[in-house]
Student: 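Let me give you the structure first, and then I'll get to my questions.
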Number of protein chains: 2
Amino acid sequence: MPGNATSASHAAASAADRAYAEIRGLILAGDASPGTPLREEALADIVGVSRTPIRDALRRLEAELYAVRTPGGRLVVADWNIDDVVEIFALRAMLEGHAAARAARRITASQLAELRSCNAAIEAAVANPEPDIAGFLAGNRRFHDLVLAASASVRLATMLTGLVEQPIVRRTATRYDRSDLARSAHEHGQLIQAFAARDEDWARAVMTAHIRRALHAFQDASPSK
Amino acid sequence: MPGNATSASHAAASAADRAYAEIRGLILAGDASPGTPLREEALADIVGVSRTPIRDALRRLEAELYAVRTPGGRLVVADWNIDDVVEIFALRAMLEGHAAARAARRITASQLAELRSCNAAIEAAVANPEPDIAGFLAGNRRFHDLVLAASASVRLATMLTGLVEQPIVRRTATRYDRSDLARSAHEHGQLIQAFAARDEDWARAVMTAHIRRALHAFQDASPSK
DNA sequence: GTTGCTGCTAATGTATACAAAATCGTCCAT
DNA sequence: ATGGACGATTTTGTATACATTAGCAGCAAC
């Protein structure tokens with residue numbers, strides 16, 4: 001069943017949630033490029049709801065820095081330069097490293113088993129000569145969500161949601177290198193080992209390295225500058 | 001003992017901002033104890049505005065984890081146990097340490113001068129046998145805000161606002177004796193030295209130690225459990 | 001030609017009315 | 001008496017109407 005975390009599910013969610021997902025989708029897909037004003041009424045027409053849930057969604061997007069407020073109080077799509085992306089990865093490395101350290105102390109046997117099977121799925125997705133990118137991304141995301149759940153810190157989870165997806169805005173032209181994907185799965189394996197050993201320093205170091213490597217893979221694959 | 005730090009400016013802010021400040025004040029002052037339901041209409045009556053800005057304020061408070069949502073969608077005042085407080089300090093230590101490291105690279109001469117004069121004011125506030133706690137708190141907060149500004153990361157600033165729980169700072173400080181306050185000012189002095197030397201590792205270490213010491217001062221002063 | 005004012009327009013902020021959903025009490029059946 | 005289901009009431013979600021304010025165009029004065 002595809003129903004993964006935040007995306008999808010246009011079905012039963014509230015109007016505010018649908019509005020959030022849809023507007024965020026517009027931004028991430030590049031349909032709303034940086035600087036584009038986010039006018040409540042126009043968005044209400046697009047999403048098909050009233051301004052009230054739109055406002056709700058926009059406040060969330062503003063809090064997550066997908067949108068920024070002009071001096072006059074209007075919202076526009078945020079413009080992330082390469083420094084912002086680097087900063088996002090740096091924060092992720094710190095926070096997810098911390099999450100991994102907490103998880104190493106707290107993870108249960110069943111959570112560990114879930115992590116193993118999740119990473120097995122990731123390895124399967126990248127095993128073929130023609131890797132299953134979508135499968136990898138979904139599995140990767142689930143893996144990190146599981147770690148976050150094992151860390152048992154709602155505050156950490158709150159801070160990390162939104163931080164994870166933002167760099168993909170700039171990744172439209174990025175190609176995925178199969179060896180990078182395989183290395184990622186291997187690092188997940190190391191993390192699982194660290195969890196099994198309940199070594200929080202090891203877990204933190206592996207996770208930090210994992211994310212910082214992702215940063216540099218991203219930078220190498222980007223049209224640079 | 002009414003008008004404390006965070007309240008302030010009931011004057012020109014928007015209704016939503018006033019509502020946010022007022023409700024947050026109720027929570028921080030303990031007038032709304034953990035588990036107390038936050039009903040929109042009741043709060044609208046208290047604040048004297050309609051439900052719309054109240055909802056706005058509640059969403060912010062929810063995002064900052066001052067309030068949590070019950071399964072049914074109702075909001076109640078969050079209950080922070082001692083582990084949450086430890087986690088908050090740990091995150092602050094990481095993030096403010098990161099901010100200090102960034103600031104060490106970016107701080108300007110005038111910002112450094114501001115920092116010096118700010119810390120001079122703090123030292124003056126704690127110099128007397130009967131230290132000026134309010135003055136210390138205001139100065140302390142300004143000092144950390146200046147560092148955050150020098151770090152030049154809106155994302156970091158966004159994440160840290162809401163993490164810097166005023167009540168904790170206050171409770172910690174009120175249990176400080178004079179030598180603790182002086183030590184805090186001294187640590188600020190070290191940080192200024194690190195900035196002047198543009199040594200980001202030093203700055204990060206000093207800031208991390210500064211905040212972690214505050215945690216333990218808080219723990220020592222708490223009735224534990 | 002430029003600057004500054006004035007009025008209009010468009011956008012957000014706020015209030016209220018209405019709809020949907022959840023909680024809680026009550027009543028019925030067992 | 002207890003369990004469950006139903007319905008009334010409370011509460012939140014959504015829509016819409018109104019108020020306020022920022023932006024901007026156009027015009028006038030210099």
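Order of the sequence lines sets the chain letters (A, B, ...), proteins ahead of strands, with each chain counted from 1.
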Student: Main chain of B/A185, side chain of B/N119: is a donor-acceptor contact present, judged purely on distance under 3.5 Å?
Tutor: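 Answer holds: yes.
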Student: Which residue is it: B/R92, B/H144, B/R212, B/H188? I am looking for the one with a side chain to side chain contact (heavy atoms under 4.5 Å, CB included) to B/M207.
Tutor: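 When B/R92, B/H144, B/R212, B/H188 are each tested with B/M207, the side chain to side chain contact (heavy atoms under 4.5 Å, CB included) holds only for B/H144.
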Student: Look at the side-chain N and O atoms of A/R59 and state whether any lies under 4.0 Å from the OP1 or OP2 oxygen of C/dG13.
Tutor: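 Indeed, a polar side-chain atom of A/R59 lies that close.
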Student: Take atom CG of A/D56 and atom C1' of D/dT14, then tell me their distance rounded to the nearest Å.
Tutor: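 Answer to the nearest Å: 10 Å.
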Student: Could you tell me the separation between the OH atom of B/Y20 and the P atom of C/dG13, rounded to a whole number of Å?
Tutor: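 It is 17 Å, rounded to the nearest whole Å.
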Student: Please determine whether a side-chain nitrogen or oxygen atom of A/T52 lies at a distance below 4.0 Å from atom OP1 or OP2 of D/dT14.
Tutor: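 Negative; the distance criterion is not met.
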Student: Quick one: A/E41 CD to D/dT14 C1', roughly how many Å, whole number?
Tutor: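 Answer to the nearest Å: 16 Å.
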Student: Report the distance from atom CG of A/D45 to atom P of C/dA11, rounded to the nearest whole Å.
Tutor: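 The answer, rounded to whole Å, is 11 Å.
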Student: Between the side chains of B/E87 and A/H98, does any donor sit under 3.5 Å from an acceptor?
Tutor: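 A pair is found: one side chain offers a donor N or O, the other an acceptor, under 3.5 Å apart.
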Student: Nearest-nucleotide wise, let me know which of B/G72 and A/P71 is further upstream toward the 5' end of DNA chain D.
Tutor: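 Its nearest nucleotide being more 5', the pick is B/G72.
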Student: A/P53 has a side chain; which of D/dT12, D/dT14, D/dA22 sits nearest to it?
Tutor: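 Side chain of A/P53 sits closest to D/dT14.
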Student: I'd like to know if the side chain of B/R204 and the backbone of B/A101 have a donor-acceptor N/O pair within less than 3.5 Å.
Tutor: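 No, B/R204 side chain to B/A101 backbone: no donor-acceptor pair under 3.5 Å.
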Student: Could you state the CD1-P distance from B/I54 to D/dG13, rounded to the nearest angstrom?
Tutor: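 The answer, rounded to whole Å, is 14 Å.
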Student: In whole Å, I'd like the distance from the CG atom of A/L43 to the C1' atom of C/dT12.
Tutor: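 Rounded to the whole Å, the gap is 13 Å.
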Student: Which of the following nucleotides, D/dT16, C/dT16, D/dT12, is nearest to the side chain of B/E40?
Tutor: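 The nucleotide sitting nearest to the side chain is D/dT12.
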Student: Taking the side chain as every heavy atom from C-beta outward, state whether B/I192 and B/F143 have any atom pair closer than 4.5 Å.
Tutor: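 Contact flag for B/I192/B/F143 side chains = yes.
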Student: Can a side chain N or O of A/R74 be found less than 4.0 Å away from OP1 or OP2 on C/dT12?
Tutor: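 Checking A/R74 against C/dT12: no side-chain N or O falls below 4.0 Å of OP1 or OP2.
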Student: Please classify the nucleic acid contact of A/L38 as base, sugar-phosphate, or nothing, using heavy-atom distances under 4.0 Å.
Tutor: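 Contact class for A/L38: sugar-phosphate only.
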Student: Any side-chain N or O of A/R69 under 4.0 Å from OP1/OP2 of C/dG13?
Tutor: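 A/R69 to C/dG13 OP1/OP2: side-chain N or O found under 4.0 Å.
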Student: If you check the A/T70 side chain, which of D/dT14, D/dG23, C/dA15 turns out closest?
Tutor: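 That would be D/dG23.
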Student: What's the closest nucleotide to the side chain of B/A16 if the choices are D/dT14, C/dG13, C/dT14?
Tutor: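 Looking only at side-chain atoms, B/A16 lies closest to C/dT14.
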Student: Which whole-number value in Å describes the distance from A/R39 CZ to C/dA10 P?
Tutor: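 Distance check: A/R39 CZ to C/dA10 P gives 11 Å.
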Student: Less than 4.0 angstrom between a side-chain N/O of A/R55 and OP1 or OP2 of C/dG13, yes or no?
Tutor: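 True: A/R55 side-chain N/O within range (under 4.0 Å) of C/dG13 OP1/OP2.
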Student: Of the nucleotides D/dA15, C/dC18, C/dG13, which one has an atom closest to the side chain of A/R51?
Tutor: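 Nearest to the side-chain atoms of A/R51, counting from C-beta on, is C/dG13.
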